Trainee: 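Dropping the structure in here first, questions after.
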Amino acid sequence: MALINEHYLKLKAGYLFPEISRRVSAFAKSHPGMKIIKMGIGDVTQPLAPSVIKAFHEGVEEMGNAETFKGYGPEQGYDFLRKAIAENDYQNNKINVSAEDIFISDGSKCDTGNIQEIFGYDNKIAICDPVYPVYADTTVMAGKTGVCSADGYFENIIYMPCTEENNFIPQLPKEKADLIFLCFPNNPTGAVATKEVLKKWVDYALENKSIILFDGAYEAFITEKDIPHSIYEIEGAEKVAVEFRSLSKTAGFTGTRCAFTVIPEKLKACDSKGEMHSVKPLWMRRQTTKFNGTSYPVQKAAAAIYSENGKKEIKTTIRYYIENAGIIHKSFSAMGFKVYGGINSPYIWLKTKNNMKSWDFFDKLLNEANIVGTPGAGFGPSGEGYFRFSAFADRESVLEAMERVKKLFS
Ligand code: MLT
């Protein structure tokens, strides 16, 4: 008899975003003709940059020609892309990351979930609350937690509340954490970590022989000076941190798929006898066994974001989304909501009024203004009473949505 992985049964609801889509589809079906404005999932709407499209076409042409055709690519990704990333995202900013430490993939969602596989079952995992739900859900799927309590917390995860009281910055855990997921700029709160904050975490990890899994998917949205763009800006981080970066939001690759993960040569973890092992060969072994890489035309298109024109083009689009975020922030603030994020992040995080539950706020917005956002509770129990708007809709939709909410809440 075939047995299921029962850990999946611990996950009560479906994955957050498909669950939202399901509710929105049901609403659309029962209200035909309604114009629903989607500001829920962080999915981009603006087209790929011209330089990216040009390179993408060239890549496809090369695949159609016997002289330039390519089969399986190098497992870690093509050298031209890894070098471009190392130089532009790191070395030009005086951050010591080598192309050798970069692994190209088809998404940070997959990488942040899959990375757990190379670490032991007995690790204590610390996760911010609220945060991108993939970290907790994949920890559950991997069988590393107990059951979920009535208040939404899984046994055996160290939850680090990120609330108004601590400016949405997690405190160092009191108990020892072995693997620590951090995400800055944060999804969903939009909070950023200063150098001092990241240094505390790196020092903690060095002291406790922990590893930080640092998700920097929204790094390109940092607008304020002196906010670190990479955990490797902190001394010693190369010994204790993995960094995930994605082109999804940076360059509009949500449908095109390209990301990368940095695993420095110096990063080590223990076996059960206390002997230290490099982490990078384990990830290499995992990827070469289970993953055949991102397609050549996509990698070629990805490299174009580092060309002179490509850099300018993607900056223009990011500015457009950040301006959207500013419009949303300003509108809700003017209606008396407490609003966070949206400055170094495409996400606006607001507190509902009168302690309204976040799924009730979701229903109200959908039913009365035909707008979709994301309930804070979907990101963790401490997200209850909050709501997230994504700033990736087109400008016209954002403006229309703000007109509708003004009518609803004023
Ligand atoms: C989000 O809306 O939180 C993100 O788009 C989800 C993701 O990047 O997978």
Side-chain angles (χ1 to χ4, degrees), residues 11 13-24 36-46 105-116 127-139 141 162 168 181-192 213-221 243-261 294 302 317-318 321-322 324-325 328 340-342 344-350 358-359 362 365-366 371-380 382-383 386-394 397-398 401:
L11 295 161
Y15 182 57
L16 177 62
F17 296 106
E19 176 61 23
I20 289 174
S21 299
R22 195 187 58 71
R23 293 184 187 216
V24 173
I36 299 172
I37 300 178
K38 294 188 179 164
M39 297 164 74
I41 189 166
D43 194 5
V44 294
T45 53
Q46 299 308 295
S105 77
D106 60 354
S108 288
K109 182 195 221 175
C110 329
D111 286 356
T112 52
N114 291 334
I115 196 96
Q116 304 231 8
I127 298 180
C128 295
D129 168 32
V131 84
Y132 185 38
V134 168
Y135 318 143
D137 283 9
T138 55
T139 305
M141 289 170 177
C162 298
F168 305 102
F181 278 100
L182 293 180
C183 170
F184 290 110
N186 185 264
N187 178 10
T189 65
V192 281
L213 301 169
F214 188 81
D215 187 349
Y218 299 96
E219 161 277 331
F221 292 83
E243 181 161 290
F244 305 94
R245 291 265 191 110
S246 167
L247 272 68
S248 283
K249 320 293 157 81
T250 303
F253 273 56
T254 52
T256 310
R257 313 303 309 148
C258 194
F260 63 91
T261 290
T294 307
T317 309
I318 287 171
Y321 292 135
I322 282 287
N324 280 350
I328 302 166
Y340 304 92
N344 298 296
S345 151
Y347 297 127
I348 289 88
W349 185 240
L350 62 85
S358 59
W359 277 106
F362 172 90
L365 270 185
L366 180 60
I371 295 169
V372 183
T374 308
F379 297 98
S382 296
Y386 288 88
F387 203 77
R388 192 194 79 175
F389 285 104
S390 117
F392 290 111
D394 61 80
S397 301
V398 169

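Quick caveat, the model's predicted, so the values are computed rather than measured. Every number for a ligand or one of its atoms is a count from 1 in the order of the listing.
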Trainee: Just by distance, no angles: are the side chains of T254 and D43 close enough, under 3.5 Å, to form a donor-acceptor pair?
Mentor: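 Looking only at side-chain atoms, D43 and T254 do form a donor-acceptor pair, the distance falling under 3.5 Å.
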
Trainee: Below 4.0 angstrom from a heavy atom of I41, which ligand 1 atoms are there? Numbered from 1 as shown, please.
Mentor: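 Once the distances to I41 are compared, the set is 2 (O), 5 (O).
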
Trainee: With only distance considered, is D43 within less than 3.5 Å of ligand 1 through an N or O on each side?
Mentor: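 There is no such contact.
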
Trainee: So which heavy atom on F253 is nearest to which on C258, and how close?
Mentor: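 Residues F253 and C258, closest heavy atoms: CD2-CB, 3.7 Å.
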
Trainee: Relative to ligand 1, is T374 under 4.0 angstrom through side chain, backbone, both or neither, heavy atoms considered?
Mentor: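 Looking at T374 and ligand 1, no heavy atom falls under 4.0 Å.
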
Trainee: Please work out whether any backbone atom (N, CA, C, O) or any side-chain heavy atom from C-beta onward of F392 is under 4.0 Å from ligand 1, and answer side chain, backbone, both or neither.
Mentor: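 Neither part.
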
Trainee: Going by the order shown, which atoms of ligand 1 are within less than 4.0 Å of some heavy atom of Y132?
Mentor: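 Listed by number with element, the hits are 6 (C), 7 (C), 8 (O), 9 (O).
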
Trainee: Has N324 got a side-chain atom pairing as donor or acceptor with A393's backbone, closer than 3.5 angstrom?
Mentor: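 Present.
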
Trainee: Does ligand 1 have any atom that is closer than 4.0 Å to a heavy atom of N187?
Mentor: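 Yes, N187 has heavy atoms under 4.0 Å from ligand 1.
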
Trainee: A side-chain contact here means heavy atoms from C-beta on lying under 4.5 Å apart; do I348 and F387 qualify?
Mentor: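 Contact flag for I348/F387 side chains = no.
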
Trainee: Apply side-chain hydrogen bond (donor to acceptor under 3.5 Å, both in side chains) to residues T139 and Q116 and explain how you reach the verdict.
Mentor: CA-CA 7 Å; T139 305; Q116 304 231 8; 2.8 Å; yes

Trainee: Are any of the N/O atoms in G42 less than 3.5 Å from those in ligand 1?
Mentor: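 Between G42 and ligand 1 (N or O atoms, distance only) the closest approach is under 3.5 Å.
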
Trainee: Would you please test Y347 and Y218 for side chain to side chain contact (heavy atoms under 4.5 Å, CB included) and show each step?
Mentor: CA-CA 10 Å; Y347 297 127; Y218 299 96; 2.7 Å; yes

